[in-house]
Amino acid sequence: VQLQASGGGQVQAGGSLRLSCVDSGRTFSTWNMAWFRQAAGKEREFIGVISWAGRNTHYADFMKGRVSINRDNGKNTVYLQINNLKPEDTGTYYCAAGDLNTWPPHQYDYWGQGTQVTVSS
């Protein structure tokens with residue numbers, strides 16, 4: 001698994017972004033895929049996860065209603081759509097591949113390098 005996140009950038013509050021995470025490996029469809037974020041000086045926090053086949057999703061309470069995660073296993077890609085962006089959404093967004101042993105996963109074995117999102121007021 002080799003994950004590469006992209007799609008970040010600068011956006012005004014109220015706007016939307018769609019982040020992408022591509023796996024250059026061959027086992028993408030066998031992993032639950034999640035998104036996390038980390039703001040400067042803060043701990044990394046979980047945003048949401050989608051099951052390996054895309055049938056199930058689980059989101060952090062603080063993001064519910066503003067985000068959606070989708071995946072295209074044919075393209076080895078998972079997406080994070082964030083709507084109504086707020087300045088406090090500023091941070092580095094990471095994708096991660098999680099194990100299939102539990103739902104939602106308790107462990108994430110592979111991480112992308114992150115993509116920066118900056119939201120201005």
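Just so it is clear, the model here is predicted, and its values are computed rather than measured. Computed over heavy atoms, backbone and side chain alike; hydrogens, waters and symmetry mates excluded.
Judged by distance alone, the side chains of Arg37 and Tyr93 do bring a donor and an acceptor atom under 3.5 Å apart. Under 3.5 Å, the side chains of Ser16 and Asn83 contain a donor-acceptor pair of N or O atoms.
Residues Tyr108 and Val1 do not share a hydrophobic cluster, defined by chaining ILVMFWY side chains whose heavy atoms lie under 4.5 Å apart. Linking ILVMFWY side-chain heavy atoms closer than 4.5 Å, directly or via other members, places Trp52 and Val78 in two distinct hydrophobic clusters. Taken together through direct or relayed side-chain contacts under 4.5 Å among Ile, Leu, Val, Met, Phe, Trp and Tyr, Met63 and Leu85 form part of one hydrophobic cluster. A single hydrophobic cluster is seen to contain both Leu17 and Val67, as judged by linkage of ILVMFWY side chains at heavy-atom distances under 4.5 Å, directly or through other members. The hydrophobic clustering, which links ILVMFWY residues whose side-chain heavy atoms are closer than 4.5 Å, places Trp31 and Tyr79 apart.
The CD atom of Gln4 sits 8.5 Å away from the SG atom of Cys21 when rounded to the nearest 0.5 Å. Rounded to the nearest 0.5 Å, atoms OG1 (Thr77) and CE (Met33) are 9.5 Å apart. Summarising the geometry, atom CD1 belonging to Ile47 is positioned 9.5 Å from atom CZ belonging to Arg66; distances are rounded to the nearest 0.5 Å. Distance OG/Ser121 to NZ/Lys86: 13.5 Å, rounded to 0.5 Å.
Across Val119 and Val117, no two heavy atoms sit closer than the pair CG2-CG1, 4.0 Å. Taking both residues in full, the closest heavy atoms of Tyr94 and Gln113 are given as CE2-O, 3.5 Å, listed atom of the first, atom of the second, then distance. Taking all atoms of both residues into account, the shortest heavy-atom contact from Val49 to Ile69 is N-CD1, 3.6 Å. Taking both residues in full, the closest heavy atoms of Thr90 and Ala39 are given as O-CB, 3.7 Å, listed atom of the first, atom of the second, then distance. Across Ile50 and Thr57, no two heavy atoms sit closer than the pair CG1-CG2, 3.7 Å.
The backbone N or O of Leu3 lies less than 3.5 Å from no partner atom in the side chain of Asp23, so there is not a single donor-acceptor pair. In terms of modelled atom types and a separation under 3.5 Å, the side chain of Asn76 and the main chain of Gly25 share a donor-acceptor contact. For the pair Ser51 (side chain) and Asn56 (backbone), a donor-acceptor distance under 3.5 Å is present. In this structure, Asp109 contributes its side chain and Ala96 its backbone to no donor-acceptor pair below 3.5 Å. For the pair Thr30 (side chain) and Phe28 (backbone), a donor-acceptor distance under 3.5 Å is absent. Looking at Arg18, its side chain never comes within 3.5 Å of a backbone N or O of Gln81 through a donor-acceptor pair.
Around CD of Glu88, the count of heavy atoms belonging to other residues, nucleotides or ligands within 6.0 Å exceeds 12.
Thr92 pairs with exactly one of Gln38, Gln116, Arg44 by the side chain to side chain donor-acceptor pair (under 3.5 Å) rule, that one being Gln116.
Annotation: Phe36 is in aromatic contact with Trp111 [ring centroid separation under 6.0 Å]. In this structure, Phe46 has its ring center no closer than 6.0 Å to that of Tyr59.
For the pair Asp99 and Asn32, the minimum side-chain heavy-atom distance is 4.5 Å or more.
A salt bridge links Lys64 with Asp61: at least one charged nitrogen is closer than 4.0 Å to a carboxylate oxygen.
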